[in-house]
Chemist: 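Can you keep this structure in mind? I'll have questions shortly.
Chain A is the first sequence line, chain B the second, and so forth, proteins listed ahead of strands; every chain is numbered from 1. The basis for the numbers below is simple: all heavy atoms, side chains too, and nothing from hydrogens, waters or symmetry mates.
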Number of protein chains: 4
Amino acid sequence: MARSGDSIDVRVQRSKAAVLAQTYELLSAGGIGGVSIDEVSRRSGVSKTTIYRHWPSRAALLVEACSTIGSAPPVPDTGSFGGDLAALTEELAEQLRSARWAAVLPSIVDAAEREPELAGLHADLHARLMAPFGVVTERARARGELAADRRQDDVSAAVAGPLFYRRWYSREPLDSAFVRRVVEDALVRLR
Amino acid sequence: MARSGDSIDVRVQRSKAAVLAQTYELLSAGGIGGVSIDEVSRRSGVSKTTIYRHWPSRAALLVEACSTIGSAPPVPDTGSFGGDLAALTEELAEQLRSARWAAVLPSIVDAAEREPELAGLHADLHARLMAPFGVVTERARARGELAADRRQDDVSAAVAGPLFYRRWYSREPLDSAFVRRVVEDALVRLR
Amino acid sequence: MARSGDSIDVRVQRSKAAVLAQTYELLSAGGIGGVSIDEVSRRSGVSKTTIYRHWPSRAALLVEACSTIGSAPPVPDTGSFGGDLAALTEELAEQLRSARWAAVLPSIVDAAEREPELAGLHADLHARLMAPFGVVTERARARGELAADRRQDDVSAAVAGPLFYRRWYSREPLDSAFVRRVVEDALVRLR
Amino acid sequence: MARSGDSIDVRVQRSKAAVLAQTYELLSAGGIGGVSIDEVSRRSGVSKTTIYRHWPSRAALLVEACSTIGSAPPVPDTGSFGGDLAALTEELAEQLRSARWAAVLPSIVDAAEREPELAGLHADLHARLMAPFGVVTERARARGELAADRRQDDVSAAVAGPLFYRRWYSREPLDSAFVRRVVEDALVRLR
DNA sequence: CAGTAAACGAGACGGTACGTCCCGTCTTATG
DNA sequence: CATAAGACGGGACGTACCGTCTCGTTTACTG
């Protein structure tokens, strides 16, 4: 063995970075179905051989390429559950309007529906995306602003549910009036 | 000329029926991505040539094959907005748990995100699926059970949003306790 | 079936012809090892898919591509064994000097040595190449110009052996003096 | 400097020996086409880097690996040209039947046909193989058993030609009857 | 009920992607 | 400084589908 335990060959780093970047690019443009190893290879200048050296399958590559997306925005701390929830929801709405992953998520959901390998990807991504709601929820429960049986998932469903619905199902603009109402409704319900 | 204006060749009818049936089958099993003309041809016994003769594109075939799914269940009429909404939501939850289209919708959402031809399909399907909420909402507004500015979409978002979220995003079981709570929460706020 | 028994699709004919031509081209230039399906496809403009539709393997393609080479030149009939043999040997020497297959034969011999599929090819080619010696030999035996136990192979070995040796093993020019002497030597002994 | 002028690093000697041995092994088994640097490296335990350090190309390695094969058998001295030739031919036939290089020669011939670097290898090998015929021929000419214009190459062609032909072209067994006849024929012709 | 035009199946075709294999070169770290 | 380990780009392999296309053959309507 010519390599000490944890240092990583710079060539490997360079190759992996280039591949992941282009994979993410293709993913953003065409969803999961739009990512082909051949095309990634062509655009990144990294040979297919090398790609398969680092990732055993297309799914594995996708998983890693997605691992950076939806990284948690800073959790707001306004002092009240209402303020925190409003800030978080505005942020989520903004991302749904503009973030690249917003166009990709449906294809991940679809893939999770039938490819077990990618179901894990979906779970990770979802957890990362929703973690701030957990923080805010726990904080509010500690302050007694929420009923004892309300958990992160109730809050997420009450807020993200309508937003997602609007973004992908009724496909109407996520205007701020709607977002504001969703927050108000959620506060009324969850109180 | 061998054909009068509107009568349709029985062969055409037979071919189209067989193709649509198999398309729907494949659609249910593998989502939009799982439908390939080759496979439809193989299973239906109708040649590819003939399929492309009747539908100009894969998208067109999908649109027609989807036109039958999500057909509106009978709209309940219990006399109160609460009763109607509960019945409707239970029905929706049941379909999300078991109906074939539930596994297909994410792929349609994804397709709508990038193929304009299929965006129309998504819109149709969504309209059909949500129509009962419109009926119930209008009825409730007429009875004064709802604020004047509440429309179908607010109701849909408040109820279907959390359900969809649970079905496809947090991917937890849609147990009846959750469904009941969603209805109650919605009523609290929309009243 | 849309095609009657023996007629052949013109497209098939065109494709096969183009592929065989380019295969032969590559074969001449680089021997058996110089033929790759990818390159044949590239040069002939016929897709790899189509090539594999018509030939199950690289070996099968090579076999067919070689089937036209070494086609028997007209068998001379000078009236005497000596005259026939001289003409035949001159012709063989000329081909060894210039014919494209002369540069290819060693690679076929080599392939025959280890790939059974190609051993058949070698046998066919060899039979075709040496057939004229058989004709001439039989004719001479009928006329009593040859001992009763002399067969085609003795004649071939006595004449082609030295020629081949010179062409591929000592690698000296096949000048006409050498050819003449080979014929004379053969006649001395075989008479 | 750690090393004096002409002594050779023991590591170098060990590496080269291991590489040459394995190269010869592969050569015997699969001909020239069967030798790959990767495989040599794998089997010999010597890294590819090291191999390419010692030999500039695959051809150079092959040349050196072949330099030991076909080493001249002891030249017989029976007292007569006939006896010598018979002994030499029997020996050659025996090698063609069993020696490892017999399966390799066609691939060398083929390589010589198109790679100049390997043409030299072929020439060396051929010279080594045929040298005994030269010795015997000169001896016979000195004794007056051969016409003055007969040289080694005439003898080689007359004897090795038919043998090679039989071994690689007609691909029939090199039985001793055939070998005996070849010798007799050669003696008749060359006398 | 015969003729004809349409519908039809078979399948050839050029593409593109797949995942694997092996090549020869090049880089890095070790001894 | 020779070496082992192995990353790298290149390219061929044979397979699977894709959607387009060109055929020759039914087959159902129509005059």
Chemist: When the distance from CD of C:Gln13 to C1' of E:dC13 is rounded to whole Å, what number comes out?
Modeler: 15 Å
Chemist: Could you state the CH2-P distance from D:Trp55 to E:dG24, rounded to the nearest angstrom?
Modeler: 14 Å
Chemist: Shortest non-hydrogen contact from A:Lys48 to A:Asp38?
Modeler: CD-OD1, 3.2 Å
Chemist: With DNA chain E as reference, determine whether C:Val46 or A:Asp38 sits nearer its 5' end, using the nearest nucleotide of each.
Modeler: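 Of the two residues, C:Val46 wins.
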Chemist: Both B:Arg53 and D:Ile37 contact DNA chain E. Which one's nearest nucleotide lies toward the 5' end?
Modeler: B:Arg53
Chemist: Round to the nearest Å and state the distance from C:Arg43 atom CZ to F:dA12 atom P.
Modeler: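 To the nearest whole Å, that distance equals 11 Å.
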Chemist: How close do A:Ile32 and A:Ser107 get, heavy atom to heavy atom, and via which atoms?
Modeler: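 That closest heavy-atom pairing would be N-OG, 3.1 Å.
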Chemist: Below the 4.0 Å mark, does E:dA12 have OP1 or OP2 next to a side-chain nitrogen or oxygen of C:His54?
Modeler: no
Chemist: I need the CG-P distance between D:Leu26 and E:dC22, as an integer number of Å.
Modeler: 13 Å
Chemist: Does D:Tyr52 place a side-chain N or O at less than 4.0 Å from the phosphate oxygens OP1/OP2 of E:dG24?
Modeler: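 So the side chain of D:Tyr52 is within the cut-off, an N or O lying under 4.0 Å from OP1 or OP2 of E:dG24.
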Chemist: Select base, sugar-phosphate, or nothing to describe what B:Ser15 touches, counting heavy atoms under 4.0 Å on all strands.
Modeler: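 Sugar-phosphate contact only.
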Chemist: Base, sugar-phosphate, or nothing for C:Arg14, non-hydrogen atoms under 4.0 angstrom?
Modeler: nothing
Chemist: For B:Arg11 and F:dA28, what is the distance between atoms CZ and C1' respectively, to the nearest whole Å?
Modeler: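 About 5 Å, once rounded to whole Å.
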Chemist: Under 4.0 Å between any heavy atoms, over every strand shown, what does C:Arg58 touch: base, sugar-phosphate, or nothing? Just pick one.
Modeler: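 Contact class for C:Arg58: sugar-phosphate only.
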Chemist: Between B:His122 and A:Trp168 (side chain of the first, backbone of the second, donor and acceptor by atom type, cut-off under 3.5 Å), is there such a pair?
Modeler: yes
Chemist: Please work out if C:Thr49 contacts a base, only the sugar-phosphate, or nothing of the nucleic acid, heavy-atom cut-off 4.0 Å.
Modeler: base
Chemist: Please check the phosphate of F:dG9 (OP1 and OP2 only) for any side-chain N or O of A:Thr50 closer than 4.0 Å.
Modeler: yes
Chemist: Return yes if some donor-acceptor pair links the side-chain N/O of D:Ser28 with the main-chain N/O of D:Tyr24 below 3.5 Å, else return no.
Modeler: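 Such a contact is found between D:Ser28 side chain and D:Tyr24 backbone.
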Chemist: For the base of E:dG19, is there a side-chain donor-acceptor partner from A:Lys48 under 3.5 Å away?
Modeler: yes
Chemist: Expressed as a whole number of angstroms, how long is the span from B:Arg42:CZ to F:dG19:P?
Modeler: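 Distance check: B:Arg42 CZ to F:dG19 P gives 12 Å.
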Chemist: Is the side chain of D:Thr23 donor-acceptor paired with the backbone N or O of D:Ala65 at a distance under 3.5 Å, no angle test?
Modeler: no
Chemist: If I take atom CG in residue A:Asp9 and atom C1' in nucleotide F:dG9, what distance separates them, rounded to the nearest angstrom?
Modeler: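 Result: 15 Å.
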